[in-house]
Chemist: 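This is the structure, below, for whatever I ask next.
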Amino acid sequence: MDRRKRIALVTGATRGLGLAIVEELAGLNHHVLLTGRDVEKGCAEAGTFQRKGFDVRFLELDVCDERSAENLALVIRDQYGALDVIVNNAAVCLEEWSSSALTDCLEVNLFGAVRTVSCLGQLLGEDACILNVSSGDGESVWFSTAVRERFERVQSTNALLDMLRELAEKADALRPQEVVHGEQPTYKVSKFALNCYTRLLHNDLNESGIRVLSVCPGDVRTRMNPSASRSPSDAAKAVAELVVGGPSTYQSGGFFRDREIISW
Ligand SMILES: NC(=O)c1ccc[n+]([C@@H]2O[C@H](COP(=O)([O-])OP(=O)(O)OC[C@H]3O[C@@H](n4cnc5c(N)ncnc54)[C@H](OP(=O)(O)O)[C@@H]3O)[C@@H](O)[C@H]2O)c1
């Protein structure tokens, strides 16, 4: 590996947008750790990139499995010593509203990102970047003022996680409209929570020089959204630009879509 290259890790990267982000970052001179839980597919995709001359390696990571994240941290520390970029991309979109669906969706979309950062964050240097792949479905406009204000009052990641565990426990007894408007309420809660995490982590890391951003990739044609018109590679260009664009253009604590800051 070329030691001058920045090292970027992408979660949930064995297909869809994550795979396209890997290609984009590798094309922008990063050594990219393509991670995911499908080992066979991940190795095959990394092999294809290597044959094209890209500096990409597959490493296993199930973001729901603490031990998987801890093992990955050990491998990266031993073999690289540091990490420059984490792209929290892994997600599921569950249609149903129920306690178990909300628990499962939060487990990947929020707790997975928190777990990844808590295990790997110690490897990040001072000009590193954590990019949370969120969604327009996570914008606060979908939520009532009361719910929004409850989330906004939260001062720490632990308090946020506790509040969401409590909400998931109560979800069977709630109508989704009591929490969030429109379709895919479970997914919306998970992405709104991810955006809250971005802001809390930004506050925690503000002095460290590590940037923390949320990005909405738009509607992208993947297994999650097969009828969308935007290609993964087009969306990945706008996502990767936030990583390479630097802090004066893409400030920490911001939520971006197509290179523009958008409101939470
Ligand atoms: N597509 C859109 O229109 C759209 C719009 C807004 C935001 N987004 C966001 O963009 C990101 C990428 O989504 P996509 O459209 O590419 O969806 P996708 O095709 O469904 O891909 C999701 C990825 O997440 C992985 N994943 C799920 N659970 C995981 C776990 N426990 N550990 C590790 N990886 C896991 C999947 O791996 P497996 O193959 O192992 O399941 C897959 O690689 C997501 O954060 C999504 O919310 C997408």
Side-chain angles (χ1 to χ4, degrees), residues 9-25 32-46 56 58-73 86-95 101-117 119-120 130-139 142 182-195 197-198 213-240 242-243 255-258 262:
L9 179 145
V10 186
T11 69
T14 51
R15 61 183 164 90
L17 178 62
L19 189 61
I21 295 171
V22 168
E23 177 159 18
E24 197 56 35
L25 288 175
V32 187
L33 304 176
L34 183 170
T35 73
R37 54 187 179 173
D38 184 339
V39 175
E40 200 177 320
K41 178 90 168 27
C43 289
E45 294 293 355
V56 174
F58 173 74
L59 289 172
E60 186 174 0
L61 175 62
D62 178 342
V63 299
C64 295
D65 180 348
E66 185 92 22
R67 194 174 301 169
S68 170
E70 286 169 356
N71 287 343
L72 181 64
I86 297 174
V87 181
N88 284 310
N89 168 79
V92 291
C93 180
L94 302 181
E95 300 288 332
L102 189 52
T103 301
D104 291 351
C105 192
L106 287 168
E107 183 56 30
V108 182
N109 298 9
L110 174 67
F111 290 74
V114 174
R115 191 174 290 116
T116 301
V117 170
C119 290
L120 301 175
I130 297 169
L131 184 57
N132 292 326
V133 181
S134 184
S135 165
D137 279 338
E139 287 177 34
W142 298 109
E183 293 173 0
Q184 298 179 325
T186 298
Y187 180 73
K188 280 185 172 135
V189 168
S190 75
K191 291 299 187 179
F192 183 51
L194 183 67
N195 282 347
Y197 173 55
T198 296
L213 318 166
S214 269
V215 61
C216 165
D219 284 340
V220 192
R221 197 171 51 255
T222 63
R223 200 180 294 175
M224 191 180 282
N225 191 359
S227 59
S229 56
R230 188 174 206 186
S231 70
S233 76
D234 186 42
K237 282 186 176 53
V239 172
L242 302 184
V243 172
F255 184 20
F256 294 86
R257 181 188 294 126
D258 283 331
I262 58 173

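Remember, it's 1-based here, ligands and their atoms both numbered in the order they're listed.
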Chemist: Heavy atoms only: give me the nearest L9-L72 pair and the separation to one decimal.
Modeler: CD1-CD2, 3.7 Å
Chemist: Taking R257 as the fixed residue, which of C216, S135, P217 is the one that meets the side chain to side chain contact (heavy atoms under 4.5 Å, CB included) rule?
Modeler: C216
Chemist: Does any N/O atom on V108 come nearer than 3.5 Å to any N/O atom on ligand 1?
Modeler: no
Chemist: Tell me whether ligand 1 is touched by R230 - counting only heavy atoms on the residue side and a distance under 4.0 Å.
Modeler: no
Chemist: Please tell me if the side chains of E24 and S233 come closer than 4.5 Å, counting only heavy atoms from C-beta onward.
Modeler: no
Chemist: Please enumerate all residues that pass salt bridge (charged side-chain N to carboxylate O under 4.0 Å, His left out) together with D234, with sequence neighbours excluded.
Modeler: R230
Chemist: Output yes when the distance from some N or O of ligand 1 to some N or O of G36 is under 3.5 Å, and no in every other case.
Modeler: no
Chemist: Without swapping roles, check the side chain of T35 against the backbone of E60 for a donor-acceptor pair under 3.5 Å.
Modeler: no
Chemist: Atom 35 (C) of ligand 1: which protein heavy atom is closest, and how many Å away?
Modeler: A90 CB, 3.7 Å
Chemist: Please report the interatomic distance CG(L94) to CD(E107), rounded to the nearest 0.5 Å.
Modeler: 12.0 Å
Chemist: Going by distance only, is there an N or O of R37 that falls short of 3.5 Å from an N or O of ligand 1?
Modeler: yes
Chemist: Which residue supplies the protein heavy atom nearest to atom 47 (O) of ligand 1, what is that atom called, and how far is it?
Modeler: Y187 OH, 2.5 Å
Chemist: Which heavy atom of V22 sits nearest a heavy atom of A13, and at what distance?
Modeler: CG2-CB, 3.7 Å
Chemist: Could you name the option among T11, L61, V239 that has the heavy atom nearest to atom 33 (C) of ligand 1?
Modeler: L61
Chemist: I would like to know whether N132 and T198 meet side-chain hydrogen bond (donor to acceptor under 3.5 Å, both in side chains); could you show each step before the answer?
Modeler: CA-CA 7 Å; N132 292 326; T198 296; 2.9 Å; yes
Chemist: Under 4.0 Å from a heavy atom of R223: give me the atoms of ligand 1 that qualify, with their elements.
Modeler: 19 (O)
Chemist: Which atom names give the shortest non-hydrogen contact between E66 and C119, and what distance separates them?
Modeler: OE2-SG, 4.0 Å
Chemist: For ligand 1, find out whether one of its N or O atoms is nearer than 3.5 Å to an N or O atom of D219.
Modeler: no
Chemist: Please state which protein non-hydrogen atom is closest to atom 10 (O) of ligand 1 and give its distance, to 0.1 Å?
Modeler: V133 CG1, 3.4 Å
Chemist: Assess whether side-chain hydrogen bond (donor to acceptor under 3.5 Å, both in side chains) is satisfied between S214 and N195, documenting all intermediate values.
Modeler: CA-CA 6 Å; S214 269; N195 282 347; 2.7 Å; yes
Chemist: How close does the nearest protein non-hydrogen atom get to atom 5 (C) of ligand 1, and which residue and atom is it?
Modeler: G218 O, 3.0 Å
Chemist: What are the atoms of ligand 1, with element, lying closer than 4.0 Å to any heavy atom of D62?
Modeler: 30 (C), 31 (N), 32 (N)
Chemist: Which residue pairs pass the side-chain hydrogen bond (donor to acceptor under 3.5 Å, both in side chains) test when at least one of the two sits in residues 182-192, sequence neighbours left out?
Modeler: E95-Q184, N109-S190
Chemist: Please write down residue, atom name and distance for the protein heavy atom closest to atom 11 (C) of ligand 1.
Modeler: N89 OD1, 3.1 Å
Chemist: Are any of the N/O atoms in L17 less than 3.5 Å from those in ligand 1?
Modeler: yes
Chemist: Mind listing the closest non-hydrogen atom pair of F256 and L213 along with its distance?
Modeler: CE1-CD2, 3.8 Å
Chemist: May I ask you to list the atoms of ligand 1 that are less than 4.0 angstrom from any heavy atom of G16?
Modeler: 16 (O), 19 (O)
Chemist: Of the non-hydrogen atoms in T222 and P232, which two are nearest, and what is the gap between them?
Modeler: CG2-CG, 4.3 Å
Chemist: Counting non-hydrogen protein atoms only, what is the nearest one to atom 15 (O) of ligand 1? Give residue, atom name and distance.
Modeler: T222 OG1, 2.5 Å
Chemist: Give me the nearest non-hydrogen protein atom to atom 22 (C) of ligand 1 as residue plus atom name, then the distance to 0.1 Å.
Modeler: A91 O, 3.5 Å
Chemist: Looking only at non-hydrogen atoms, find the nearest pair between L120 and A69 and report the distance.
Modeler: CD2-O, 4.3 Å
Chemist: I need the atoms of ligand 1 closer than 4.0 Å to a non-hydrogen atom of S135, numbered in the order shown.
Modeler: 6 (C), 7 (C)
Chemist: With a heavy-atom distance limit of 4.0 Å, tell me whether K41 approaches ligand 1 through its side chain, its backbone, both, or neither.
Modeler: neither
Chemist: I need the atoms of ligand 1 closer than 4.0 Å to a non-hydrogen atom of P217, numbered in the order shown.
Modeler: 6 (C), 7 (C), 8 (N)
Chemist: For ligand 1, which atoms, with element, lie under 4.0 Å from some heavy atom of V63?
Modeler: 30 (C), 31 (N), 32 (N), 33 (C)
Chemist: Who's the nearest protein heavy-atom neighbour of atom 21 (O) of ligand 1, and how far?
Modeler: R15 NH1, 3.5 Å
Chemist: May I ask which of S134, A235, C216, G12 has a heavy atom nearer to atom 7 (C) of ligand 1 than the others do?
Modeler: S134
